[in-house]
Asker: 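Once you've had a glance at the structure underneath, I'll fire off some questions.
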Amino acid sequence: MRIAVLGLGTVGKQVVEVLDLERELFAARLGEEIVVARILVHDQDKRRPESMHSRLTYDPRDVLDDPDIEVVVELMGGFEPARSYIAEAIRRGKAVVTANKEVIARAGPELSANGRPGADLLFEAAVAGGIPIIRSLQESLAGNRLQAIYGIVNGTTNFILSRMHEDGVSFEEALQEAQSRGYAEADPSDDLDAVDAARKISILASLAFGGWVDVDLVRREGIRKITADDVREAKGLGAVIKLIARAEATPEGLLVGVAPTLIAKSHPLADVGGAQNAVYVRGEPIGELLFEGPGAGGPATSSAVIGDILDAARARRVGGRSVALPLEPAALLPAEVHQNAYYLRLRVREVAGALASVAQAFSEAGVSLRIVHQPPGGEAEATVSLVTRPTLRQHLERAREILHSTAAVLREESCILAEME
Ligand code: HSE
């Protein structure tokens, strides 16, 4: 079977190398050889491995117009022209494998609706790299009614937060290290501002709960505001800060969001360190499941891409997989009715009654407190860390307003989601 690879970056190169190297093994598994016949690249001046020279092309027509290319593997990244190439390949009856979460999150339903038996769209590598979560949701767990998915689905931010937590390094230092290891997106804002994680949770939520979750409606908060003090104080509370992507079915609608969250050390995702990804799934009748593994980088992504290529190839011979993405929009939970716990850290004057006036502010706003912690402080000022019980955002905002005008409170240093129960 002749296939083509679009893009020869870290992942593309590794995919071609493994397919070349393991040709016999894969042929034995499939009963047919997979041959990378064409590799589409953009930059004519870049040096490429010699074994790939005869297959290079700079013209997408050499792939899309070639009826003998049965599977197109899109590893270029970015939205356009990747989306157009995928759409055309599908229209022309080719199967497509992609690692492109932007294309799937923004155009997945239209693309898969264009499909027909034998023209599949596979994207295991788009979410959580090497973890087989897409196929698990589409197939292995299809017999469940799923209730919740919590994930650490961005390796770069998990690496940064883990380095800050374990070694006390600065945010900038940890970011640089993540970039030099090749985890970060070309524009690190996509990682830091949770754009990448929002795309991934919108894809997971759409597969798990059966309605399409528009990525622009996913509530999203990044990690730029997390400071070394936040990380240290979290530690003092027996907690850790993680960028948690979550999708949860509630009677009023689907809750989908990404935010840095203070989680207890006993939380299933608390020990997921470095650039690892993890996805926790809860449903009936399965109960709880935890998937963990490398979520970013060449080897993890190539593993998922090659699995999809073999699957697509096999499916071509039996009439296609055709697992379509849902087209109908999901019913989302309105933000106003969503209850969350929050972590707040305040600087207060070291005076009698300071703590009482803080407690009074929460009491007046109708917000119940679960943890109040005061680390040893100086003569004139003190720090107070608080974790609330789940509350409506409007009640929290009311408490913050009152705190703002409370004489003993100097300033709020932090306010992030918490999940300590
Ligand atoms: N930038 C992404 C991450 C790469 O850090 O997880 C994999 O999608």
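As the structure lists them, so they are numbered: ligands from 1, and atoms in each ligand from 1. For the single chain, residues carry numbers from 1 onward in sequence order.
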Asker: List ligand 1 atoms under 4.0 Å from A296, heavy atoms only on the residue side.
Answerer: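 Ligand 1 atoms under the 4.0 Å threshold to A296: 3 (C), 4 (C), 6 (O), 7 (C).
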
Asker: Could you tell me whether T301 approaches ligand 1 through its side chain, its backbone, both or neither, with non-hydrogen atoms closer than 4.0 Å?
Answerer: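 No part of T301 comes within reach of ligand 1.
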
Asker: Between D120 and R316, is the closest basic N to carboxylate O distance under 4.0 Å?
Answerer: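 Judged by the 4.0 Å cut-off on N to carboxylate O distance, R316 and D120 do not form a salt bridge.
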
Asker: Do we get R106 above F79's six-membered ring, with its NZ or CZ under 6.0 Å from the centre and within 45° of the axis?
Answerer: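 R106 over F79 ring: yes.
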
Asker: Can you sort out which atoms of ligand 1 are near T156, meaning under 4.0 Å from one of its heavy atoms?
Answerer: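 Matching atoms, with element in brackets: 1 (N), 3 (C), 5 (O).
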
Asker: Working to the nearest 0.5 angstrom, can you tell me the gap between L8 CG and M52 CE?
Answerer: 5.5 Å

Asker: If the cut-off is 4.0 Å to any non-hydrogen atom of D191, which atoms of ligand 1 fall inside it?
Answerer: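 The atoms of ligand 1 under 4.0 Å from a heavy atom of D191 are 1 (N), 2 (C), 3 (C), 5 (O).
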
Asker: So does R345 pair up with D230, basic N to acidic O under 4.0 Å?
Answerer: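 Yes, this pair counts.
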
Asker: To the nearest 0.5 angstrom, please state how far the CZ atom of R48 sits from the NE2 atom of H53.
Answerer: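 Reported to 0.5 Å precision, the distance equals 8.5 Å.
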
Asker: Between Q44 and Y58, do the side chains contain an N or O donor and an N or O acceptor separated by less than 3.5 Å?
Answerer: no

Asker: Considering distance alone, does some N or O of N277 sit under 3.5 Å from an N or O of ligand 1?
Answerer: no

Asker: With a cut-off of 4.0 Å, which atoms of ligand 1 are near a heavy atom of G155?
Answerer: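 Here the atoms of ligand 1 in question are 3 (C), 5 (O), 6 (O).
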
Asker: Taking 4.0 angstrom as the limit and counting only heavy atoms of G295, give me the atoms of ligand 1 inside it, by number and element.
Answerer: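 Once the distances to G295 are compared, the set is 7 (C).
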
